[in-house]
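Shown next, in structure tokens, is the structure this report addresses.
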Amino acid sequence: MDPWQLDHDVVTLGPLRLAVQRIARRHWKPDGTLRSWGLAPLHREAETLLVPCGPDEALWLGAWLEDDAPGATLRVTDFAMGASAAAELPRDFQLTSLRGPGGTQLPLSLPDGGRRILRLELGLDRASAAVELVLLAPVDWAARTGRAAPALLDQPPPLPPRLG
Amino acid sequence: MPTEERKQWICSTLDVEGGERVAASPTMPVSMGVAAKKSLWKPDTVLRVRFLEGEPALHDRVMKAAKAWFVDGVRLKLTTAGAGEQAQIRIAFDPGRGSWSYVGTDSRSTHPSQPTMNLGWATLDTPEHDFWSVVIHEFGHALGLLHEHNHPEALIKWNRAAVYADLEGAPNFWDRDTIDRNVFAKFELSKVVTTDFDKASVMIYTIPSNWTTDGKSFMPSWKLSAGDAATIRKLYA
């Protein structure tokens with residue numbers, strides 16, 4: 001049995017949940033919290049996940065724990081670019097950039113189309129998984145998966161409700 | 001005014017010492033009436049409302065909206081208390097403190113001079129639907145009702161990372177514990193009274209579509225739904 005599952009567009013590994021979030025590229029910033037403009041659809045092929053990424057958007061990885069799980073780790077590596085990043089749950093809930101050569105922080109984006117391959121490693125106390133996350137141009141993703149690519153990002157979702 | 005144009009808001013109820021919540025797990029969206037067993041008023045209680053500030057016209061507007069809960073068969077009465085008189089529900093209008101209420105009889109844990117409810121966004125200029133929405137919601141808490149999304153069997157597919165990202169920023173600036181407690185926590189089934197699914201409830205939380213992994217969204221009704229009426233009858237008729 002696979003250690004990880006894809007439940008609609010959410011990766012699950014035990015109590016760990018991971019979803020790929022979309023944001024307009026112009027709203028990406030190397031530091032600070034990014035809002036989610038919506039979930040990116042995921043398509044599984046064996047141990048590979050295909051995700052569409054338009055030229056004007058950036059992705060970030062959102063992760064959280066269900067139940068009272070003690071913790072988890074998340075690591076993303078782009079071997080082609082020599083860049084990587086890690087997150088530790090529950091302290092971190094988002095991974096928004098990779099640190100490249102010289103310490104430069106790079107967005108998870110695909111500005112020139114084509115494809116980009118990332119290695120995604122998920123770790124829990126008693127389970128782990130490695131997934132190949134492949135970013136594809138939306139038209140290529142749609143052709144490969146037979147699913148409609150998500151609409152282009154237009155504007156941020158409304159500001160969150162004001163809390164009492 | 002179309003529902004989606006109404007002001008979005010969420011109140012946060014206050015937990016009294018000894019209150020318990022347990023961790024949630026997201027499943028499918030569902031909404032049910034839910035109330036705190038230990039915080040319900042005794043039948044035939046006369047609930048007295050004292051306004052700690054504000055002008056009489058505003059008080060009248062609040063009372064008119066609040067009385068929506070007192071449908072046929074409900075064995076509670078609502079009346080206004082004068083200045084200095086004892087009252088179980090004491091209302092402030094501090095615009096800097098948002099909107100919140102103690103839940104039912106939990107209000108007895110507060111000092112008689114302190115508010116048990118704040119209606120920070122309710123003014124004479126507030127549009128009718130906004131006004132009714134927030135007043136009815138807070139009075140629902142005052143009668144013992146809880147947020148729908150904290151229902152023990154609530155089936156909401158939370159995109160928790162998106163919720164954290166939004167609520168940690170403006171305009172709320174909540175820390176992670178506050179988000180967990182107010183958004184994701186669940187009440188224990190043994191401690192609440194529930195009724196059937198009612199997605200039109202005035203007690204449901206505002207949940208934007210980017211907060212769920214299935215794209216579903218929720219916004220509280222501005223008026224009492226049929227399910228709300230059934231819930232309040234179950235509790236007090």
Side-chain angles (χ1 to χ4, degrees), chain A residues 6-12 14-24 27-29 31-42 59-70 72 74 87 89-96 150-151 153-164, chain B residues 4-5 7-14 22-27 97-101 117-121 134 137-138 141 157-174 176-180 182-184 205-215 217 219-220:
Chain A
L6 182 62
D7 180 9
H8 294 91
D9 293 317
V10 180
V11 176
T12 70
L16 176 61
R17 303 287 182 272
L18 182 139
V20 180
Q21 320 277 341
R22 307 170 69 208
I23 190 170
H27 282 246
W28 178 85
K29 52 191 176 185
D31 297 304
T33 301
L34 299 184
R35 295 189 69 202
S36 173
W37 288 26
L39 225 56
L42 300 175
L59 305 176
W60 59 269
L61 306 182
W64 63 94
L65 292 164
E66 298 294 344
D67 309 322
D68 291 324
L74 172 64
L89 284 74
R91 183 193 64 199
D92 307 316
F93 69 88
Q94 62 177 201
L95 194 157
T96 59
L153 292 173
D154 181 23
Q155 58 185 357
L159 280 173
R162 185 171 52 170
L163 302 170
Chain B
E4 60 271 21
E5 291 181 13
K7 183 197 301 174
Q8 291 200 336
W9 54 269
I10 296 175
C11 85
S12 56
T13 56
L14 302 183
V22 296
S25 65
T27 43
R97 297 186 63 197
S99 289
W100 53 262
S101 173
M117 179 188 295
N118 193 65
L119 299 173
W121 312 313
V134 69
H137 183 100
E138 299 310 339
H141 289 314
K157 285 182 172 290
W158 292 107
N159 180 356
R160 288 198 188 203
V163 177
Y164 287 139
D166 272 358
L167 293 184
E168 284 190 353
N172 299 292
F173 301 108
W174 276 9
R176 202 79 57 82
D177 286 345
T178 303
I179 297 169
D180 288 341
N182 281 304
V183 181
F184 303 127
Y205 217 89
T206 299
I207 301 172
S209 61
N210 64 315
W211 285 12
T212 62
T213 59
D214 57 8
S217 62
M219 189 168 186

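Proteins come first, then strands; the chains are lettered A, B, ... in the order of their sequence lines, and each starts at number 1. Side-chain atoms are counted along with the backbone in the values below, which use heavy atoms only and exclude waters and symmetry mates.
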[X] portion near chain B, given a 4.5 angstrom heavy-atom threshold:
X     : answer
A:P15 : neither
A:L39 : side chain
A:L65 : backbone
A:R91 : backbone

Exercise for the section: Any chance you could lay out the side-chain hydrogen bond (donor to acceptor under 3.5 Å, both in side chains) test for B:N210 and A:Q21, step after step, and finish with the verdict? Expected result: CA-CA 10 Å; B:N210 64 315; A:Q21 320 277 341; over 6 Å; no
Kindly compute the distance separating [atom1] ([X]) from [atom2] ([Y]), expressed to the nearest 0.5 Å.
X      : Y     : atom1 : atom2 : value
B:T213 : A:D9  : OG1   : CG    : 8.0 Å
B:D180 : A:W64 : CG    : CH2   : 13.0 Å
B:R176 : A:F93 : CZ    : CZ    : 5.5 Å
B:D214 : A:H8  : CG    : NE2   : 8.0 Å

Practice task
For atom NE2 of A:H27, decide whether the heavy atoms of other residues, nucleotides or ligands shown that lie under 6.0 angstrom number more than 12.
Solution key: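 Atom NE2 in A:H27 is packed in, count exceeds 12.
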Practice task
Over all heavy atoms of both residues, which pair between B:A161 and A:A63 is shortest? Give the atoms and the distance, please.
Solution key: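 Minimum heavy-atom contact is CB-N, 4.1 Å.
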Exercise for the section: Kindly give the heavy-atom pair with the smallest separation between B:R160 and A:E66, and that separation in Å. Expected result: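 For B:R160 versus A:E66, the nearest heavy atoms are NH2-OE1, 3.2 Å.
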Problem - B:K157 and A:D7, any side-chain heavy atoms less than 4.5 Å apart - result: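 In short, these two side chains touch, coming nearer than 4.5 Å.
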Handout entry: Pair A:T33-B:Y164, side chain to side chain contact (heavy atoms under 4.5 Å, CB included): steps then yes or no
Key = CA-CA 9 Å; A:T33 301; B:Y164 287 139; over 6 Å; no
